[in-house]
Protein chains: 2
Amino acid sequence: MKTVSENRCFGGIQGVYTHSSNATGCDMTFGLFLPEEAQDGPVPVLWYLSGLTCTHENAMVKAGAQGWAAEQGIALIFPDTSPRGEGVADDEAYDLGQGAGFYVNATEAPWAPHFRMWDYIATDLPELVFDAFALDPERQAITGHSMGGHGALTLAMGLPGRFRSVSAFSPICHPTNGDWGRKQLSAYLGSDETKWAAHDATLTMRDKGLDIPLLIDTGSSDQFIDLLQPEALAEAVAARRIPATLRLQKGYDHSYFFVSSFMEDHVAFHAEALYA
Amino acid sequence: MKTVSENRCFGGIQGVYTHSSNATGCDMTFGLFLPEEAQDGPVPVLWYLSGLTCTHENAMVKAGAQGWAAEQGIALIFPDTSPRGEGVADDEAYDLGQGAGFYVNATEAPWAPHFRMWDYIATDLPELVFDAFALDPERQAITGHSMGGHGALTLAMGLPGRFRSVSAFSPICHPTNGDWGRKQLSAYLGSDETKWAAHDATLTMRDKGLDIPLLIDTGSSDQFIDLLQPEALAEAVAARRIPATLRLQKGYDHSYFFVSSFMEDHVAFHAEALYA
């Protein structure tokens, strides 16, 4: 692991690191905010998964999360959204290939060799960071934005017992049923739609439910709301009688101005579960 | 004036606008955060002047100021740092020309036609925004970062009565005596150093003092601290017996991770003056 940068931030350290990933078979970059409390021992962790076109950097500089995390003594991990570099497949479209890993393990050409973001987030990066930093693996929570909200929800449901709470900002809720999903799932996983189901929060919610606290915020003026389909997940949550807080926030759009506006709520929500 | 974008943000609106400026003779872009309270009448204003290489956008997305401004019911204005566009002089260096206006009215070729950022901030942009938005000209405060901290300090001292309080993050304190200053002041204002004095916070402090509250934060690990010379201004402030809070923040550098870490303090400091 190499240190790219470390900046003092809200009494802690905002670091950026690169490492060679076994999961993706390439160098990966991630951001890690360590609160001051990490000097004294392992602290709880909130994973933040980013959306289409983002790198590790977007949320790290625009989401305004560090101040609230510092207040709660929680670390933040900001992974990249895909493998990158020469020799890694890509596509001209903004929503496929590099910057658009969709948090799945690709099985199809040309994506299969590197596009294994599920394993990267579920196994590879945790092994690295829990070994290298003062982070408590027993106290993990996860959130994300848009494609990253999709990733947070599907990882939380797919790895029961891993996370104590899950939240999302404007997540892609039902990707098997929309243009933000069908295109990518067919490219990465092939045409057999039974293999897509584990990567659809609505289908997984219907099938398995969720046993940890859930908070979702979506802007009522989100320009992509028809692609996000919050109504599908809301129906599934209600049908399964899952305790959850699903909010539509009046007038907000899909931007980081929206994310930052509700970050305090999300960090406080996770802190309650992480310190329970 | 044209609207580039408007995003709901912390209950208010983060807007970006362009207009044709008489001062700079070109189109200028600025960001304006209006808190929810602006729907009911004019609100106080905090000007934020940015540093070298920045546009209107950097602080708007990275400083984390809107949440605190929303809490206090204060508007934020994020001007650009220089004229821009075809026909506007520039230089290959990052610290001269476009992105590096230094908040002066240039008198020298090739800068004189457009590089009039003092007038732009002091006269031109205020005329526009106080006419177009629900902002209270009687309640203005000013802050800035690095070159923008220099601008905030020199404008506050050069326009007595205009601002109720002034603060700065890692300001260039003594530009007539360092490489961040001598190069630009000689290029924009010529070799007669008597014309530079009004654009040096330390010299102006020694000469005129300041009669409004002053807060300055600088990181003790700022990689540019030798160019900033906080010690020169600190000496001048103390020598004039000016009430002020000058802080060196342990371990912080020059980045927006530093700025965002102390933004809450700065907004609260200005709110106290604006609502006094």
Side-chain angles (χ1 to χ4, degrees), chain A residues 4-16 31-36 39 54 57-71 76 78 169-170 217-225 248-268, chain B residues 4-16 31-36 39 54 57-71 76 78 169-170 217-223 225 247-268:
Chain A
V4 177
S5 61
E6 290 186 330
N7 299 85
R8 177 75 57 184
C9 182
F10 287 96
I13 296 287
Q14 177 60 62
V16 176
L32 171 69
F33 171 73
L34 276 182
E36 195 171 12
Q39 295 173 17
C54 288
E57 193 180 18
N58 299 62
M60 196 180 92
V61 301
K62 298 199 294 189
Q66 292 94 345
W68 308 119
E71 195 172 290
L76 301 167
F78 302 100
F169 301 87
S170 33
D217 277 314
T218 303
S220 72
S221 299
D222 192 308
Q223 61 270 47
F224 303 112
I225 199 162
L248 280 180
Q249 299 289 1
K250 185 177 177 183
Y252 285 88
D253 59 28
H254 201 69
S255 70
Y256 267 95
F257 295 117
F258 160 65
V259 173
S260 61
S261 295
F262 296 96
M263 185 55 76
E264 180 181 12
D265 287 2
H266 284 243
V267 174
Chain B
V4 176
S5 62
E6 289 186 330
N7 298 85
R8 177 75 57 183
C9 182
F10 286 96
I13 296 287
Q14 177 60 62
V16 176
L32 172 69
F33 172 73
L34 277 182
E36 196 171 10
Q39 295 173 17
C54 288
E57 193 179 18
N58 299 63
M60 195 181 91
V61 301
K62 298 199 291 188
Q66 293 94 343
W68 307 119
E71 194 172 290
L76 301 167
F78 302 100
F169 301 87
S170 33
D217 277 314
T218 303
S220 73
S221 298
D222 191 308
Q223 62 269 46
I225 199 162
R247 307 189 297 195
L248 280 179
Q249 299 288 1
K250 185 177 177 183
Y252 286 87
D253 59 28
H254 201 68
S255 71
Y256 267 95
F257 295 117
F258 160 65
V259 173
S260 61
S261 295
F262 296 97
M263 185 55 75
E264 180 181 12
D265 287 2
H266 284 243
V267 173

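Proteins get letters first, then strands, A, B, ... in listed order; numbering begins at 1 in each.
- Both the backbone and the side chain of B/S260 come within contact range of chain A, with heavy atoms under 4.5 Å apart.
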Quiz: residues 58-70 of chain A side-chain donor-acceptor pairs under 3.5 angstrom, not counting sequence neighbours:
residue : atom : partner : partner atom : Å
A/N58   : OD1  : A/T55   : N            : 3.0
A/Q66   : NE2  : A/Q14   : OE1          : 3.0
A/Q66   : NE2  : A/M60   : O            : 2.8

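- Contact between A/R8 and B/K250 at its shortest, heavy atoms only, is NE-O, 4.0 Å.
- Contacts with chain B were tallied for A/F262, A/F258, A/Y252, A/Y256; A/Y252 has the most, counting heavy-atom pairs under 4.5 Å.
- Atom CG of A/D253 sits about 11.0 Å away from atom CD of B/E6, to the nearest 0.5 Å.
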